[in-house]
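Proteins come first, then strands; the chains are lettered A, B, ... in the order of their sequence lines, and each starts at number 1.
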Amino acid sequence: MLDINFIRDNKEQVEQAITNKGEKDTSIVEKVLDMDEKWRSKVHEGDLIRAESNTKAKEIGKLMGQGKKEEAQAIIRETSEMKEKIKELEEEVRELSEEREDLLLKIPNVPHPSVPVGFTEEDNETFKTWGETDEREWLKPHWELTEKHGWIDFKRGVKVTGAGFPFYVGAVAQLQRALINYFINEGVKAGYTELQTPYFVNEDSARGTGQIPDKEDMMYEIPRDEFFVIPTAEVPVTNFHRDEIFELNEVPAKYVAYTPCWRREAGSYGKDVRGLNRLHQFDKVELVKIVKPEDSYDELESLREHAEKLLEALELPYRTLLMCTGDMGFTQSKKYDLEVWSPGQKRWLEVSSCSNFESFQARRMQLRYRKDEKDIETLHTLNGSGLALPRVVAAIIETYQEENGKVRVPEVLKPFFDRDHL
RNA sequence: GGAGAGGUGGCUGAGUGGCUGAAAGCGCUCCCCUGCUAAGGGAGUAUACCUCUAACGAGGUAUCGAGGGUUCGAAUCCCUCCCUCUCCGCCA
């Protein structure tokens with residue numbers, strides 16, 4: 001959510017941002033400003049009447065205390081009209097405030113000036129490439145190898161739950177566990193605090209990170225208990241500090257958390273969902289930072305570098321994309337995607353997304369810090385995957401495969417294995 | 001799941017209808033005093049929003065778990081919900 005005062009002062013910039021993010025109709029800006037105007041005027045009107053009514057109530061109290069019942073009665077009669085008016089205004093204010101809030105929640109975050117303007121994948125900038133893509137023809141896609149070794153059981157996953165909920169069996173289960181450990185360890189080494197989180201969150205939390213109202217369809221729901229199943233650890237982790245005011249020495253706060261992630265992925269099909277490419281449940285190690293506004297763009301770079309180093313340590317060729325305005329989503333102001341090379345599929349797979357939300361999430365969540373004696377300021381939040389597991393697993397299996405179908409264990413994961421091959 | 005108790009400011013904890021946005025203590029900040037690993041005195045110390053102001057700032061409204069109700073007036077009474085604690089039950 002943007003600051004209404006910011007919108008008021010930067011109307012054109014916000015409209016431009018909406019356009020650049022791919023939405024043609026920018027009239028919402030006009031609407032929200034109009035609604036805000038109405039809301040403020042009614043709030044003020046209500047405040048004035050309430051002030052008067054409070055004064056009278058105090059007079060009554062005084063008179064009652066002195067036993068002057070007659071005089072008190074006279075004032076009480078005066079207030080009855082006011083009472084109705086207050087109720088009326090309260091109702092109006094409530095409605096206006098709701099409408100205002102609804103509109104405000106529908107306005108996307110403003111992209112950073114360094115973000116390329118564009119609307120399709122082609123408009124994303126390649127920020128960096130690392131390693132040589134392996135184009136050898138005989139390299140097999142991971143699903144053939146896992147099938148051959150019995151490492152991933154998609155069929156039984158379908159039987160037990162449904163499509164997109166595979167079982168990992170034996171060596172690949174071990175590989176995932178090793179990766180989770182490795183990623184968390186690297187996060188902790190880099191100064192992130194490890195967090196284990198709830199996997200269900202309430203509506204306020206889903207709203208806090210912007211899954212509601214923007215991306216409701218991505219989440220599984222548990223209506224009976226009014227929970228949402230987390231689509232990423234970002235949701236519980238960022239909400240960890242919701243409604244809190246940090247002291248100066250408490251920022252930056254940095255967390256690393258492993259959780260499974262559940263996503264409905266409605267409308268996905270074809271090669272995108274083949275094998276481990278897209279699942280309804282997958283594992284991910286997530287990094288979250290809560291930082292001072294002036295630091296957030298430096299923090300974004302270090303977050304990106306941290307994720308990149310994980311891929312480098314695993315010796316997996318990758319590229320980093322700077323996402324264009326139209327491809328980056330509602331809540332971000334700047335986003336990098338890391339894509340690992342899948343030599344068996346001859347394509348890039350997204351394994352990390354590092355974003356700066358500036359104050360967009362923090363404002364919804366009331367995440368602030370005491371800047372000095374007088375000022376309280378909204379913080380900035382960032383997050384990035386470090387990393388998403390299944391596609392890394394796929395890339396490892398494909399990259400480390402040998403012609404006989406065996407798969408070597410990457411060097412950095414050797415401590416987690418007692419052998420050279422999976 | 002059943003029975004009971006309770007939710008007040010950063011913390012402890014008063015407060016059962018009016019001068020209580022909230023005593024007192026602790027903590028914290030600033031000032032004064034004090035020559036020493038300390039003590040004493042004074043002042044200040046929630047958040048959001050609105051209005052006025054160029055600004056410093058001033059005023060107003062709301063908030064005592066959340067929402068609703070009664071009342072001229074509610075932390076205080078009533079209802080609903082949430083949460084915490086104790087006992088029982090169940091259980092990894």
Side-chain angles (χ1 to χ4, degrees), chain A residues 1-9 32-105 196-208 222-228 236 239-251 253 260 359-379:
Chain A
M1 174 168 81
L2 292 174
D3 183 356
I4 185 72
N5 295 313
F6 176 84
I7 300 177
R8 206 179 300 152
D9 297 340
V32 79
L33 288 176
D34 182 50
M35 197 56 68
D36 180 57
E37 197 69 37
K38 283 185 189 151
W39 172 79
R40 271 167 36 223
S41 118
K42 285 291 172 190
V43 165
H44 190 224
E45 200 181 326
D47 281 358
L48 289 178
I49 292 184
R50 242 190 304 248
E52 200 183 337
S53 150
N54 284 346
T55 313
K56 296 224 156 138
K58 272 180 192 162
E59 277 174 45
I60 293 166
K62 210 176 271 176
L63 291 170
M64 294 294 237
Q66 295 165 355
K68 295 180 185 167
K69 277 212 168 142
E70 294 291 310
E71 289 175 48
Q73 280 302 329
I75 304 181
I76 288 175
R77 254 172 268 130
E78 285 175 37
T79 57
S80 66
E81 205 177 301
M82 248 184 252
K83 222 185 143 191
E84 273 171 48
K85 185 70 183 165
I86 289 173
K87 230 174 206 173
E88 221 171 88
L89 281 168
E90 270 176 359
E91 180 61 20
E92 285 180 64
V93 166
R94 201 183 54 77
E95 278 172 25
L96 287 169
S97 154
E98 257 171 45
E99 285 178 55
R100 171 181 177 270
E101 186 84 356
D102 282 351
L103 289 168
L104 216 40
L105 287 171
Q196 289 187 346
T197 78
Y199 297 161
F200 304 159
V201 295
N202 57 31
E203 191 180 327
D204 286 343
S205 298
R207 193 177 299 281
I222 302 176
R224 186 172 166 179
D225 298 292
E226 294 179 43
F227 290 138
F228 292 90
N239 277 284
F240 187 56
H241 289 292
R242 174 152 49 85
D243 294 328
E244 291 181 16
I245 297 176
F246 286 71
E247 295 303 327
L248 199 55
N249 61 6
E250 292 171 327
V251 281
S359 57
F360 197 81
Q361 289 182 329
R363 186 165 299 105
R364 278 191 208 190
M365 273 189 283
Q366 307 242 66
L367 263 183
R368 295 162 295 168
Y369 82 110
R370 210 172 291 282
K371 192 177 183 184
D372 52 53
E373 274 189 16
K374 284 197 295 189
D375 294 320
I376 287 175
E377 194 170 60
T378 303
L379 289 157

Report, one pair per line, the protein and nucleotides 77-84 of chain B atoms (nitrogen or oxygen only) whose separation is under 3.5 Å.
none

Pairing residues for A:Glu203 by the salt bridge (Lys or Arg N to Asp or Glu O under 4.0 Å) criterion, not counting sequence neighbours
A:Arg207
Looking only at atom P, what distance separates B:C19 and B:C77, rounded to whole Å?
16 Å
Applying a 3.5 Å limit to both distances, which nucleotide forms a Watson-Crick or G-U wobble pair with B:A58?
B:U51
Nucleotide opposite B:C87 in a Watson-Crick or G-U pair, distances under 3.5 Å:
B:G2
Generate the contact string for nucleotides 50-64 of chain B. Rules: B means base contact, S means sugar-phosphate contact only, - means no protein heavy atom under 4.0 Å.
SS-----S--BSS--
Does A:Glu95 pair with A:Lys38 as a salt bridge, N-O distance under 4.0 Å?
no
Under a 4.0 Å N-O cut-off, is there an ion pair linking A:Lys42 with A:Glu45?
yes
Find the partner of B:A92: check Watson-Crick (N1-N3 plus N6-O4 or O6-N4) and G-U wobble (N1-O2, O6-N3) distances, both under 3.5 Å, and reply none if neither fits.
none
Distance between the C1' atoms of B:G9 and B:A23, in whole angstroms?
13 Å
At under 4.0 Å between heavy atoms, what does A:Arg370 touch on the DNA or RNA strands: base, sugar-phosphate, or nothing?
sugar-phosphate
B:C11: pairing nucleotide in any strand, Watson-Crick or G-U under 3.5 angstrom
B:G25
Could you measure between the two P atoms, the one in B:U61 and the one in B:G21, and give it in whole Å?
11 Å
What is the pairing partner of B:A39, taking Watson-Crick or G-U wobble pairs with both distances under 3.5 Å in any strand?
none
For atom P, what is the distance between B:A75 and B:A3, given to the nearest Å?
31 Å
For B:A75, give its Watson-Crick or G-U wobble partner with both distances under 3.5 Å, or none.
none
What's the gap between B:U34 and B:G40 when it is taken at their C1' atoms, as a whole Å value?
8 Å
Same-atom distance (C1') from B:C91 to B:U16, integer angstrom:
42 Å
Between A:Glu91 and A:Arg94, does any NZ, NE, NH1 or NH2 come within less than 4.0 Å of an OD or OE carboxylate oxygen?
yes
